[in-house]
Amino acid sequence: MQHVDVKQPTPPTDDNRWKLLHGKMRKHGIGRSSLIETLHDVQDIFGYLDEDALQFVAGTLHVPLSRVYGVATFYHFFNLRPQGEHTCVICTGTACHIKGAEQLIDRVSELADVEPGETSEDGKVSLVTARCIGACGIAPAGVFDGEVVGKLDAEKIDANIRRWLNAEE
Amino acid sequence: MLRNDELREVAEKELQFRDDKDQCIFVCNAASCQSNQGLQVIEALEQSVKDHDLQERVCVKGAGCLGLCAEGPLVLIKPGDTMYQQVAPGDAEEIVSRLSEAPVDRLICDTDAPFFTNQTKIVLENSGRIDPERIEDYLAADGYEALETAVTQMSPGEVIDEISDSGLRGRGGAGYPTGLKWSTVSIAEDDQKFVVCNGDEGDPGAFMDRSILESDPHRVLEGMAIAGCAVGADKGYLYVRAEYPLAIDRLRTAIKRARRYNLLGNSILGTPFNFHIEIRLGAGAFVCGEETALLASIEGRQGRPRPRPPYPAEYGLWGHPTLINNVETFANVAPIIRNGSGWYSEIGTEDSKGTKVFAMAGSVKNTGLIEVPMGITLREIIFDIGKGLPEGSSFKAVQTGGPSGGCVPEQYLDMPVDYESLKEAGSIMGSGGMIVLDESSDMVDVAKFFVEFCKSESCGKCIPCRVGTAQMYDLLDKITEDNATQADLDLLGDLCDVVQNTSLCGLGQTAPQPVISTLEYFREEYTAHLQDGNGKVNLDQLEDK
């Protein structure tokens, strides 16, 4: 492989997580084809992709910032804004749709005072809608902080969301 | 370095380990059952085994998908094949204490029911019966035997012939003959070739690939390695959705283990054949299921398709010849090499050989994952295997092929399921999503749902798809809001034609399919929403029907 002698950008802050990120990037190989893998790592480590991170990735991989931004916004999986303390994903796949996913979204929206795709003002809950989480056998389904919950109904939603809202009060 | 005989030793040791036990308890540990406390059930069973001091005689294993998601978590006890359903952690004590007695009646899952007896399992043969995180389990189930045969006893041409003779066709939906694709890549002249596994299962309502990857990851790796050996590639990429974290974890583990056993890496099984597999994560773009978009994504770019030809088989990843097959296609490869093409081509119909895995969901009692021989009828799938619709609902249509497919109405229920018949009925085989709709489903709403999906997933590169799907959506919205006239409905029909015939890639070309099929079979539901000359909507027409 050709050795490219280009100055590496310095991390924007002395946060140790940048070092962790750089380590992971070296593992994938520093190159433009690792861009998507790298953005996944940034999101894993920081929770979302902010401008500092996009600049750092662009500089390290020697990819124009415009392309990094283009890729980050093309794919739905990447968040460009910080997520709430808790994340509620409601699946809107076909099986969930015909079993009333819309009403479930409205329910979360009302309880946590948050619009789909947004984070509540107090920063507690993000409401995400997913295209299909592949849990059609137990539709309608959702994911509450990483935990898949099947056969969702208003009651299960209430229990999960209230647990979040009432915590630390 | 491991030799073939040592590999068999590992398998035999594993079989011996199981023989030494009186019983093995397999607990479904795929995503659906995990969400129903599957992991806690495993822990509770392990604890009970300890409490009864049975560790020497009973083993508890987390296994892959046992299929009947509706009744999970499922527990299978071998030997004897007793299956329990809806097991809670609290049931563990009773299950373990009665291992050597009559089974626990209230938890019994009837394995003599058509759900189990009417299936033919090839791709899912190990699913739920091995621990997907242990390569030893896969080896004990004849795993990697086909790879060994392919690299030590067969020439690449013989491997390709075997696949061609089997009649296997692409399971991603289009049904292109797999052997033909392999041979195109194998004759392409280049020092560098690639094998790519398409695990970007983005259709809403489909979870076959997720289950295969979660339940039996080595099977897919083995299929890819055999393909690499046949076409002359030394590098493979497995593209999998980031939305499937459990599948990703298990694949990572599987690749590590396979490398340790020298079943992947350099000089596989002491031969000159090298093959490396890398995982690439999707990032939530449905269009990446299209092969040229998928390649762009692996290269780290936005997933936008390009015109074909040139096809990836000649000009793929970074310009090199690239073989792209779907997860289920690769999962069929090892059994074909192991049992021969003759065995495989006995199953299925004249033009569609083998089996197909379907993810059955919607208004049906037995939701879950099934594998059936090609040629079975939709009625057998939905009413025998699926046990019909829940009490009080009646069948209206079955949606296959997701956003690229259509809704098949009752009159086609006795049609055999194969690539050609489904196409004739206005739908497609697709990757295997099957959603049963009952009389409460509004077909215009179903069509609108899929068009909204395609509109939002359109990559925006070509105008017919970008603008056409948006216009189609607006018209459908107008119809469902009762603001449309006959002229709007005619325009919708015309638009379907334009988008279908002028879009660049499969996403746009097939996006109108849900509208076309519902217009054909359920036109009255559209016209019922239309305004008459006086601006009035006559919904009574529908009720009269």
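All values below were derived from every heavy atom in this structure, side-chain atoms included, with hydrogens, water molecules and symmetry-related copies excluded. Residue numbers start from 1 in every chain, and the chains themselves are labelled A, B, ... in the order their sequence lines are given, proteins ahead of strands.
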_Within 6.0 angstrom of A:Glu115 CD, more than 12 heavy atoms from elsewhere_ = no
*Select one option (side chain, backbone, both, neither) describing which atoms of B:Arg280 are under 4.5 Å from chain A's heavy atoms.*
both
*asked:* Show me the pairs that pass side-chain hydrogen bond (donor to acceptor under 3.5 Å, both in side chains) and involve residues 21-36 of chain A, at least two apart or across chains.
replied: A:His28-A:Asp41
*Quick one: closest heavy-atom pair of A:Ile36 and B:Ala283, and the distance?*
CG2-CB, 4.5 Å
*How many angstroms lie between atom CD1 of A:Ile98 and atom OG of B:Ser363, to the nearest 0.5 angstrom?*
6.5 Å
*Determine whether A:Arg131 and B:Glu243 make a side-chain contact, defined as any pair of heavy atoms from C-beta on separated by less than 4.5 Å.*
no
*asked:* With salt bridge (charged side-chain N to carboxylate O under 4.0 Å, His left out) as the rule and sequence neighbours excluded, what pairs involving residues 59-77 of chain A come up?
replied: none
*State whether the number of non-hydrogen atoms from other residues, nucleotides or ligands found under 6.0 Å of A:Lys156 atom NZ is greater than 12.*
yes
*Side chain, backbone, both or neither: which part of B:Gln302 has a heavy atom under 4.5 Å from chain A?*
both
_Under 4.5 Å from a heavy atom of chain A, the part of B:Leu281 involved_ = both
*When only pairs under 4.5 Å are counted, which of A:Gly93, A:Gly134, A:Gly146 shares the most heavy-atom pairs with chain B?*
A:Gly134
*asked:* Quick check on A:Glu51: does its CD atom have over 12 non-hydrogen neighbours (other residues, nucleotides or ligands) under 6.0 Å away?
replied: no
*Can you tell which of B:Cys288, B:Gly303, B:Ala70 has the highest number of heavy-atom pairs within less than 4.5 Å of chain A?*
B:Gly303
*asked:* Tell me which of these, B:Gly202, B:Gly72, B:Ala242, B:Ala361, has more heavy-atom pairs under 4.5 Å with chain A than the rest.
replied: B:Ala242
*So does A:Tyr69 have more than 12 non-hydrogen atoms from other groups sitting under 6.0 Å from OH?*
no
*asked:* Less than 4.5 Å to any heavy atom of chain B: does that hold for the side chain of A:Thr73, its backbone, both, or neither?
replied: neither
_Listing request: all side-chain hydrogen bond (donor to acceptor under 3.5 Å, both in side chains) pairs with a residue in residues 93-106 of chain A, at least two apart in sequence or in separate chains._
A:His97-B:Asp445
*Out of curiosity, A:Phe74 CZ to B:Arg304 CZ, how far, rounded to the nearest 0.5 Å?*
5.0 Å
*Do any of residues 203-212 of chain B come closer than 4.5 Å to chain A, heavy atom to heavy atom, and if so which ones, in number order?*
B:Asp203, B:Pro204, B:Gly205, B:Ala206, B:Phe207, B:Arg210
_So for B:Ile279, is it side chain, backbone, both, or neither that comes closer than 4.5 Å to the heavy atoms of chain A?_
backbone
*asked:* Given heavy-atom pairs under 4.5 angstrom as the criterion, report whether the side chain, backbone, both or neither of B:Val287 touches chain A.
replied: side chain
*Is it the backbone or the side chain of B:Glu214 that comes under 4.5 Å from a heavy atom of chain A, or both, or neither?*
neither
*A:Asp44 CG: over 12 foreign heavy atoms closer than 6.0 Å*: yes
*Starting at CD of B:Glu299, measure out to CG of A:Leu35 and round the result to the nearest 0.5 Å.*
12.5 Å
*Identify which of B:Ser456, B:Pro403, B:Gly460, B:Ala30 forms the greatest number of heavy-atom pairs closer than 4.5 Å to chain A.*
B:Ser456
_Per-residue contact mode, B:Leu369 against chain A (heavy atom under 4.5 angstrom)_ = neither
*Do other residues, nucleotides or ligands put more than 12 heavy atoms under 6.0 Å from A:Arg17 CZ?*
yes
*Closest non-hydrogen atom pair, A:Tyr75 against B:Ser297*: OH-OG, 3.0 Å
*Under 4.5 Å heavy-atom distance to chain A, tell me which part of B:Phe453 shows up: side chain, backbone, both or neither.*
both
*If you look at every heavy atom in B:Thr367 and A:Gly137, which pair is closest and at what distance?*
OG1-O, 2.7 Å
*Heavy-atom distance under 4.5 Å to chain B: side chain of A:Glu37, backbone, both or neither?*
side chain
_Looking at chain A, which one of B:Cys69, B:Ser32, B:Ala285 has the largest number of heavy-atom pairs inside 4.5 Å, strictly under?_
B:Ser32
